[in-house]
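So the structure is just underneath, and the comments pick up after that.
Position 1 is the first residue of the sequence, and the numbers go up from there.
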Amino acid sequence: MDFQLTEEQLAVQSAARDFAQNELWAGVIERDEHQKFPAEQVKKMGELGFLGMMVSPEYGGGGMDTVSYVLAMEEISKVDASCSVIMSVNNSLVCWGLEKYGTEEQKRKYLPRLTSGEIIGAFCLSEPEAGSDATMQRTTAEDKGDHYLLNGTKNWITNGSSASVYLVVAQTNPELKHRGINVLIVDKDMPGFVVGPKENKLGIRGSDTHSLMFTDVKVPKENRIGEDGFGFKFAMQVLAGGRIGIAAQALGIASGAFELSLKYSKERKAFGVEISKHQAIQFKLADMATNIDAARLLCLQAAHDKDAHQDYAKSGAMAKLFASKTAMDTAVEAVQIHGGYGFVKEFHVERMMRDAKITQIYEGTSEIQKIVISRELLK
């Protein structure tokens with residue numbers, strides 16, 4: 001058992017930290033306030049290799065391991081969770097799914113542009129009546145021989161308007177239930193595809209979240225990923241890996257809130273001494289640090305399992321469940337430590353508290369993670 005990071009992993013961590021501090025920090029409050037998509041920052045992430053970290057160099061990616069990805073996600077999430085969710089979707093759900101299950105033609109067509117940041121991708125599973133129960137797909141992909149006719153609506157889609165390529169999960173054979181689901185690659189300029197209004201969100205307000213509408217969108221058969229009926233399995237596989245990314249995002253939010261709280265506790269005085277001298281604050285800091293370290297170990301365990309080609313369903317779900325709770329708990333305590341200053345935007349922790357909540361909801365709610373964990377335990 002070796003807890004030491006390699007030189008390459010440390011270099012990735014350092015590069016991500018520098019990028020977050022130098023490129024993301026300055027405008028993060030303004031982007032949150034005005035729901036401004038970080039277009040320039042995302043482009044820079046692509047140039048630095050953060051949008052296709054685990055993709056093979058053959059397709060323009062960094063060829064890095066999942067541990068490096070977790071380290072980078074944590075550092076970027078410490079500063080801007082909106083940027084990190086854009087990064088997570090592009091890496092975990094779109095690029096990984098295309099490289100793992102796409103045809104050679106699909107990989108060569110899309111991956112080099114996705115990894116470089118020339119374009120970004122979106123993953124389209126959720127619907128108005130299909131959230132946690134992903135089998136209830138109302139979006140249909142009718143088989144027309146050489147193409148599919150796509151009709152339906154998708155909800156809560158990250159990168160909804162900024163993406164250029166969309167992986168859309170749809171039902172082709174309802175009588176087969178989840179075994180009749182396919183996943184199709186949809187280009188933004190396909191006729192009949194409309195991006196709906198932007199959601200006005202509690203947190204991660206810099207990322208663009210939209211509903212998408214498909215009306216008789218003609219999708220060529222060569223845009224299907226995998227065999228007929230493979231769509232549901234594809235979705236579950238990419239989400240299992242996506243949980244590791246979101247767990248790392250939650251870890252980063254917690255780490256960022258903790259670091260700000262530690263710094264503030266050494267500067268703010270009450271009753272004649274720095275508040276870090278008061279046991280009430282010391283105990284909060286101790287609990288925060290302990291839970292963050294535990295969450296980090298769970299994230300790294302899941303990343304290790306994935307890199308070792310072991311089953312990471314349980315470890316990934318545990319990491320997301322615990323890290324997301326840690327993010328929420330830590331951010332709430334960070335606001336408390338900051339007192340009245342924690343309630344105003346310029347001190348950042350109120351934004352982190354708002355950002356933290358979504359990590360308990362998207363890519364599988366905490367309740368769904370408990371179902372996954374218990375199923376794995378009872379096998």
Side-chain angles (χ1 to χ4, degrees), residues 13 16-38 40-41 72-88 200-207 209 246 248-293 295-296 323-361:
Q13 184 183 49
R17 184 184 300 117
D18 289 345
F19 170 73
Q21 296 297 327
N22 297 329
E23 302 286 343
L24 299 182
W25 182 261
V28 65
I29 292 176
E30 180 189 0
R31 291 194 297 274
D32 173 80
E33 181 76 13
H34 299 290
Q35 302 189 71
K36 183 181 178 183
F37 183 79
E40 292 179 15
Q41 291 77 13
M73 276 292 296
E74 179 184 356
E75 292 300 327
I76 289 170
S77 302
K78 283 181 183 180
V79 175
D80 190 345
S82 294
C83 274
S84 68
V85 73
I86 296 164
M87 172 180 163
S88 178
N200 188 6
K201 306 191 299 288
L202 171 73
I204 57 167
R205 289 167 59 82
S207 69
T209 305
I246 299 305
Q249 181 191 41
L251 169 63
I253 294 169
S255 297
F258 169 74
E259 288 178 7
L260 289 174
S261 299
L262 185 63
K263 182 175 182 289
Y264 182 81
S265 74
K266 295 175 180 178
E267 298 169 349
R268 173 68 170 172
K269 288 187 176 181
F271 303 101
V273 297
E274 293 82 3
I275 62 171
S276 60
K277 301 281 177 59
H278 297 295
Q279 193 176 68
I281 301 300
Q282 292 173 352
F283 280 12
K284 288 183 187 297
L285 294 171
D287 285 340
M288 293 159 82
T290 301
N291 286 328
I292 288 167
D293 272 9
R296 185 177 293 111
S324 61
K325 184 178 188 302
T326 297
M328 196 69 237
D329 292 349
T330 302
V332 168
E333 287 288 48
V335 172
Q336 191 72 17
I337 288 171
H338 281 74
Y341 291 106
F343 211 68
V344 297
K345 294 184 180 297
E346 66 182 285
F347 282 76
H348 294 278
V349 289
E350 65 84 29
R351 170 177 52 82
M352 293 175 171
M353 185 177 77
R354 290 186 286 105
D355 287 347
K357 186 57 196 173
I358 192 61
T359 66
Q360 295 181 303
I361 298 172

Phe37 side chain reached by Ile86 side chain, heavy atoms, under 4.5 Å: yes
Sidechain-backbone polar pair: Lys201 side chain, Ile204 backbone, donor-acceptor under 3.5 Å: yes
Donor-acceptor contact below 3.5 Å, side chain Asp32 vs main chain Val28: no
Lys/Arg-Asp/Glu bridge criterion (N-O < 4.0 Å) met for Glu274, Lys266: no
Ala356 backbone acceptor or donor facing Thr359 side chain under 3.5 Å: yes
Value rounded to 0.5 Å, distance of CE in Met328 from CZ in Arg354: 11.0 Å
Test side chain to side chain contact (heavy atoms under 4.5 Å, CB included) applied to Phe271 and His278, step by step: CA-CA 10 Å; Phe271 303 101; His278 297 295; 4.1 Å; yes
Between CZ on residue Arg31 and OG on residue Ser207, distance to nearest 0.5 Å: 11.5 Å
Other residues, nucleotides, ligands: >12 heavy atoms within 6.0 Å of Glu267 CD: yes
Under 3.5 Å: donor-acceptor pair, side chain of Ser84, backbone of Ala81: yes
Note: Glu350-Lys345 ion pair, threshold 4.0 Å (strictly below): yes
Exceeds 12 heavy-atom contacts within 6.0 angstrom, atom CD of Gln336: no
Whether Phe347 and His338 hold their rings parallel, tilted or perpendicular, with breakpoints at 30° and 60°: perpendicular
Donor-acceptor contact present, side-chain His348 to main-chain Ile29, <3.5 Å: no
Residues Ile337, Met288; criterion side chain to side chain contact (heavy atoms under 4.5 Å, CB included); working and verdict: CA-CA 11 Å; Ile337 288 171; Met288 293 159 82; 3.8 Å; yes
4.5 Å side-chain heavy-atom contact, Arg296 and Ser255: yes
Ser88-Gln249 side chain donor-acceptor pair, cut-off 3.5 Å: no
All side chain to side chain donor-acceptor pair (under 3.5 Å) counterparts of Ser261, not counting sequence neighbours: none
Candidate list Thr330, Thr326, Asp355, test side chain to side chain contact (heavy atoms under 4.5 Å, CB included), partner Ile253, passing option: Asp355
Between CG on residue Asp287 and CD on residue Gln282, distance to nearest 0.5 Å: 12.0 Å
Verdict with supporting geometry, Lys78 and Glu259, side chain to side chain contact (heavy atoms under 4.5 Å, CB included): CA-CA 9 Å; Lys78 283 181 183 180; Glu259 288 178 7; 2.9 Å; yes
